[in-house]
Amino acid sequence: MRCTKYEEEKMQIAICDDDRAVCRQLRGWIEEYTKRERLEIHLMVFYSAEELLDSLSAGHWFDMVFQDIELPKKSGLDMAEELRRYVECHQVVIDFISGKQEYGMQLFDLQPINFRLKPLKRQEIEADLDKACRILKESKHALTYMLNNVQNGILLRDINYIESAAKMIQVYKINGEKIQFRGTLDRLEKEYGKYHFCRCHRAYIVNLHCVTAYRKGHLLLRGGKEIEVGSYYSANLKQQLSRLDFTEEML
């Protein structure tokens with residue numbers, strides 16, 4: 001699935017790697033991809049974590065960051081932790097790159113889009129760009145609801161999970177805020193399932209982009225929230241998580 005229907009805004013992309021040859025290679029692939037897909041971008045290259053953090057502090061922002069894990073002074077893992085502190089939700093898509101495979105399992109709590117080993121492969125990078133475009137497109141959609149006869153909306157990217165209790169819908173945002181209104185999970189499941197919101201229990205719908213682990217019949221979400229998975233929903237949930245590249249170790 002290509003991203004030619006992505007919003008007509010410039011996609012902000014950063015490359016952070018101290019290997020200049022890798023940076024040139026990535027830049028070339030990204031520019032050729034976005035030209036072919038008719039996607040407007042603004043791309044910046046940084047050769048250290050400090051340069052990228054300085055850019056963020058100066059007010060620049062990025063939709064997607066290709067982040068090397070092994071960097072002088074500050075590792076890419078430390079860098080990603082600081083990146084997460086800049087955002088409350090999935091406004092930044094991180095794609096880790098490294099020459100060492102053993103870093104892989106350390107990265108899942110940071111929810112990267114992927115982990116690519118050097119030497120990089122063009123086909124894999126283009127697949128990650130495809131996926132990033134889908135995520136960023138979905139993040140612009142909102143859950144709508146009525147409150148006091150006024151229509152309101154919550155950006156889907158801000159939602160951690162949704163709970164039904166006493167005929168009320170409670171939407172829990174990633175920043176800890178809770179919003180309550182009358183409604184049914186059946187309606188929300190039908191309307192927002194295509195945006196990776198999945199029913200995991202008769203009383204819960206979760207944002208799959210916020211899942212950090214699924215073990216022993218329980219989901220762990222961002223912020224530490226744990227939700228039991230109903231047996232009726234487990235097969236579909238595993239299928240949906242697999243489509244988002246969750247590994248067997250996480251399932």
Side-chain angles (χ1 to χ4, degrees), residues 61 63 80-94 107-113 132 134-246 250-251:
W61 193 242
D63 296 301
E81 292 285 2
E82 295 200 37
L83 268 176
R84 286 299 174 206
R85 286 196 282 271
Y86 273 85
V87 293
E88 297 176 340
C89 52
H90 293 270
Q91 293 173 314
V92 176
V93 175
I94 301 176
L107 307 176
F108 285 112
D109 286 344
L110 303 173
Q111 297 191 320
I113 192 175
R134 290 195 297 268
I135 292 172
L136 293 168
K137 181 179 178 181
E138 290 168 8
S139 73
K140 297 179 182 294
H141 292 281
L143 182 154
T144 58
Y145 63 96
M146 298 297 294
L147 188 63
N148 299 324
N149 294 320
V150 176
Q151 181 170 287
N152 296 270
I154 311 167
L155 286 176
L156 298 185
R157 68 188 183 196
D158 291 339
I159 299 172
N160 197 5
Y161 67 96
I162 305 168
E163 181 180 8
S164 175
K167 299 182 179 180
M168 297 295 291
I169 293 295
Q170 297 173 340
V171 177
Y172 291 84
K173 298 175 67 175
I174 292 171
N175 64 6
E177 182 183 355
K178 182 177 76 171
I179 296 173
Q180 183 169 279
F181 54 88
R182 290 195 174 275
T184 67
L185 286 187
D186 288 343
R187 179 186 76 84
L188 298 181
E189 180 183 17
K190 182 178 180 180
E191 290 189 17
Y192 301 102
K194 60 185 176 183
Y195 301 119
H196 302 302
F197 279 76
C198 185
R199 189 84 167 260
C200 66
H201 186 278
R202 61 182 177 83
Y204 291 98
I205 290 175
V206 297
N207 180 353
L208 296 180
H209 293 305
C210 291
V211 173
T212 60
Y214 175 27
R215 299 188 184 96
K216 298 181 180 179
H218 289 79
L219 281 174
L220 186 64
L221 304 180
R222 291 189 64 184
K225 174 66 177 179
E226 186 174 314
I227 295 177
E228 181 180 357
V229 176
S231 58
Y232 177 80
Y233 303 96
S234 61
N236 180 59
L237 175 64
K238 285 186 177 182
Q239 184 181 53
Q240 296 299 320
L241 287 171
S242 295
R243 290 176 180 172
L244 290 178
D245 295 333
F246 270 64
M250 299 189 73
L251 296 177

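- Taking the six-membered ring for Trp and thresholds of 30 and 60 degrees, Tyr192 and Tyr195 have ring planes inclined between 30 and 60 degrees apart.
- Under the 3.5 Å distance criterion, the side-chain polar atoms of Asn207 are matched with a main-chain donor or acceptor of Ile159.
- Using a 4.5 Å cut-off on side-chain heavy atoms (C-beta onward), Ser164 and Thr184 make no contact.
- Side chain of Asn175 to main chain of Glu177: a donor-acceptor pair is present (N/O by atom type, distance under 3.5 Å, no hydrogens or angles).
- Taking the side chain as every heavy atom from C-beta outward, Cys200 and Tyr232 never approach each other to under 4.5 Å.
- Residues Phe197 and Leu188 fail the side-chain proximity criterion, which asks for heavy atoms closer than 4.5 Å.
- Side-chain atoms of Arg199 come within 3.5 Å of backbone N or O of Arg202 as a donor-acceptor pair.
- The CG atom of Leu147 sits 11.0 Å away from the CZ atom of Arg182 when rounded to the nearest 0.5 Å.
- Applying the side-chain hydrogen bond (donor to acceptor under 3.5 Å, both in side chains) test to Gln170 and every residue at least two apart in sequence or in another chain returns Tyr172, Gln180.
- Side-chain contact between Ile205 and Tyr161: absent, with no pair of heavy atoms (C-beta onward) separated by less than 4.5 Å.
- For the pair Ile154/Ile179, a side-chain contact is recorded, criterion being any heavy-atom separation below 4.5 Å from C-beta on.
- Closest approach of Asn160 and Arg222 over heavy atoms only: ND2-O, 3.0 Å.
- The side-chain contact (heavy atoms from CB on, under 4.5 Å) test applied to His196 returns Glu138, Leu208, His209, Leu244, not counting sequence neighbours.
- The backbone N or O of Val150 lies less than 3.5 Å from a partner atom in the side chain of Asn152, making a donor-acceptor pair.
- With Thr212 contributing its side chain and Leu220 its backbone, the two residues share a donor-acceptor pair below 3.5 Å.
- A distance of 5.0 Å separates CG in Leu237 from SG in Cys198, rounded to the nearest 0.5 Å.
- The shortest distance between side-chain heavy atoms of Tyr204 and Leu221 does not fall below 4.5 Å.
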